[in-house]
Number of protein chains: 2
Amino acid sequence: MNSRSGMLSIGTLAKATGVASPTIRYYEDIGLLPKPRRTTSDQRIYDESDKERLIFIRRCRDFGFSINQVRLLAGLSISPDQNCREVRDIAHAHLTDVRAKLKELRALEKSLTGFVEQCDAACSGGPGRECLVFKDIAKPENNKCC
Amino acid sequence: MNSRSGMLSIGTLAKATGVASPTIRYYEDIGLLPKPRRTTSDQRIYDESDKERLIFIRRCRDFGFSINQVRLLAGLSISPDQNCREVRDIAHAHLTDVRAKLKELRALEKSLTGFVEQCDAACSGGPGRECLVFKDIAKPENNKCC
DNA sequence: CCTAAACCTTCAAGTAACTTGAAGGACAAC
DNA sequence: GTTGTCCTTCAAGTTACTTGAAGGTTTAGG
């Protein structure tokens, strides 16, 4: 199947969008992408609007939106009255998630940095019989247990 | 099964460590936790060393180490010559991952913030027929495709 | 003692978001 | 025609849990 007048095979679409063929089929399976037309030999034929939709999906995924969120966003993008407010709310909720995750990761970075530095200090004479770091891991300084 | 002289049922261990019973069984299944003794009625009996090991595992998971990394770390923690250098290397590799992820998330936060602000600006007069944000998503400014 | 509730067991499948592999057909280039 | 690449569907694998079914045991209260 050669690409003519905007008609794309799945492999060509995959290359054009950076989304793997199996993933494209997966998205179709879960209803995120509409079922495309087929050739007489049953191969999928995609057009430019399919390509745009897939790019949209990929971008949303890149942004870290879950499949369900992407589903919502995609639905909003094609609804007659595109409701920017809803989109904004979804994005904002996600932004909140991202900020929480950032906070976590910053704390983690700090812990790990201390960890590695402590490890470097403890091992400056070579491997020790009792690694202090393990004690640190096994005995929480701040008991985070519920 | 009541908790006496350090003997813990799985449920008690779960409460003591914040790790769910099914997860404890899962860890045993995948060899991360040793198989514990059993009662005459086949219930698991854990002791303090099991508890410490589970806390260790949980802490490593909290740090974001994968199960395989935790497996390595746990192995190192009980080896006769505890090799702090290897621990440090594992932790350092993970720290590198965390930093990369932080970088990603910061960029994402920036994008999403701009996204939400743009959305707020576009919708200040209420829902628009053409949401500019969708166009932004569908048309990458920087083409990140391979 | 009985009963009900809570706990235990194993086994298997579900979750999320893909990814891989088997088996077989179609297409393109030489 | 042949070979290599692409296509199809179906199903299972990946990672790290989580849930649910079916059945047994323990604990607490009447």
Side-chain angles (χ1 to χ4, degrees), chain A residues 1-4 7-33 35-47 50 54 56-74 94 97 101 104 108 146, chain B residues 1-4 7-33 35-46 50 54 56-74 94 97 101 104 146:
Chain A
M1 158 120 190
N2 57 349
S3 172
R4 53 178 189 174
M7 301 296 99
L8 304 165
S9 71
I10 192 168
T12 309
L13 183 66
K15 287 191 185 64
T17 59
V19 182
S21 301
T23 308
I24 297 175
R25 281 189 281 263
Y26 170 67
Y27 288 160
E28 179 190 323
D29 276 353
I30 62 175
L32 203 49
L33 269 182
K35 291 185 185 304
R37 281 162 303 157
R38 301 277 182 138
T39 64
T40 51
S41 54
D42 210 31
Q43 299 193 6
R44 293 170 174 78
I45 313 174
Y46 295 98
D47 60 29
D50 295 316
L54 186 57
F56 176 81
I57 289 167
R58 187 196 163 194
R59 290 268 291 173
C60 292
R61 292 291 300 128
D62 284 347
F63 274 93
F65 290 105
S66 70
I67 292 282
N68 267 343
Q69 286 170 328
V70 177
R71 203 188 300 277
L72 288 179
L73 291 172
H94 184 44
D97 288 347
K101 187 70 186 182
E104 268 182 58
L108 179 54
C146 312
Chain B
M1 155 115 194
N2 55 351
S3 171
R4 50 177 188 175
M7 301 296 102
L8 304 166
S9 71
I10 192 167
T12 309
L13 182 66
K15 288 192 186 63
T17 58
V19 182
S21 302
T23 307
I24 296 175
R25 280 191 281 263
Y26 170 67
Y27 287 160
E28 181 190 321
D29 276 354
I30 62 175
L32 203 51
L33 268 183
K35 290 185 187 301
R37 281 162 305 156
R38 301 274 182 141
T39 64
T40 52
S41 55
D42 210 27
Q43 299 192 7
R44 293 170 173 81
I45 313 173
Y46 296 97
D50 295 317
L54 187 56
F56 176 82
I57 288 166
R58 189 198 163 196
R59 289 267 292 174
C60 291
R61 292 289 301 128
D62 284 348
F63 273 91
F65 291 104
S66 69
I67 292 283
N68 267 343
Q69 286 170 327
V70 176
R71 202 186 303 275
L72 288 179
L73 292 170
H94 183 43
D97 288 348
K101 187 71 184 179
E104 268 182 59
C146 313

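Here the structure is a predicted model, which is why all the values come from computation and not from measurement. Proteins get letters first, then strands, A, B, ... in listed order; numbering begins at 1 in each.
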Requested in this report: Rounded to the nearest angstrom, tell me the gap between atom CD1 in B:Ile57 and atom P in D:dC17.
Outcome: 10 Å
Report task. Answer whether the closest heavy-atom distance between the side chains of B:Leu32 and B:Tyr26 falls below 4.5 Å. Result -> no
Requested in this report: Applying salt bridge (charged side-chain N to carboxylate O under 4.0 Å, His left out), name anything that partners A:Asp29, two or more places apart in sequence or on another chain.
Outcome: none
Query raised in the report: Rounded to whole angstrom units, what separation is found between the CD1 atom of A:Ile45 and the P atom of D:dC6?
Result: 18 Å
Report task. For the residue pair A:Arg38 and A:Gln43, establish whether any side-chain heavy-atom pair is separated by less than 4.5 Å. Result -> no
Report summary line: Protein-proximity profile, nucleotides 1-18 of chain C, B/S/- by nucleotide at the 4.0 Å heavy-atom cutoff, equals -------SBB------BB
Query - Separation of atom CG in B:Leu54 from atom C1' in D:dA16, rounded to whole Å - result: 15 Å
Query raised in the report: Is the backbone of B:Phe63 close enough, under 3.5 Å, to the side chain of B:His94 for a donor and an acceptor to pair up by distance?
Result: yes
Query - Sole residue of B:Ile24, B:Asp50, B:Val19 in side-chain contact (heavy atoms from CB on, under 4.5 Å) with B:Leu33 - result: B:Ile24
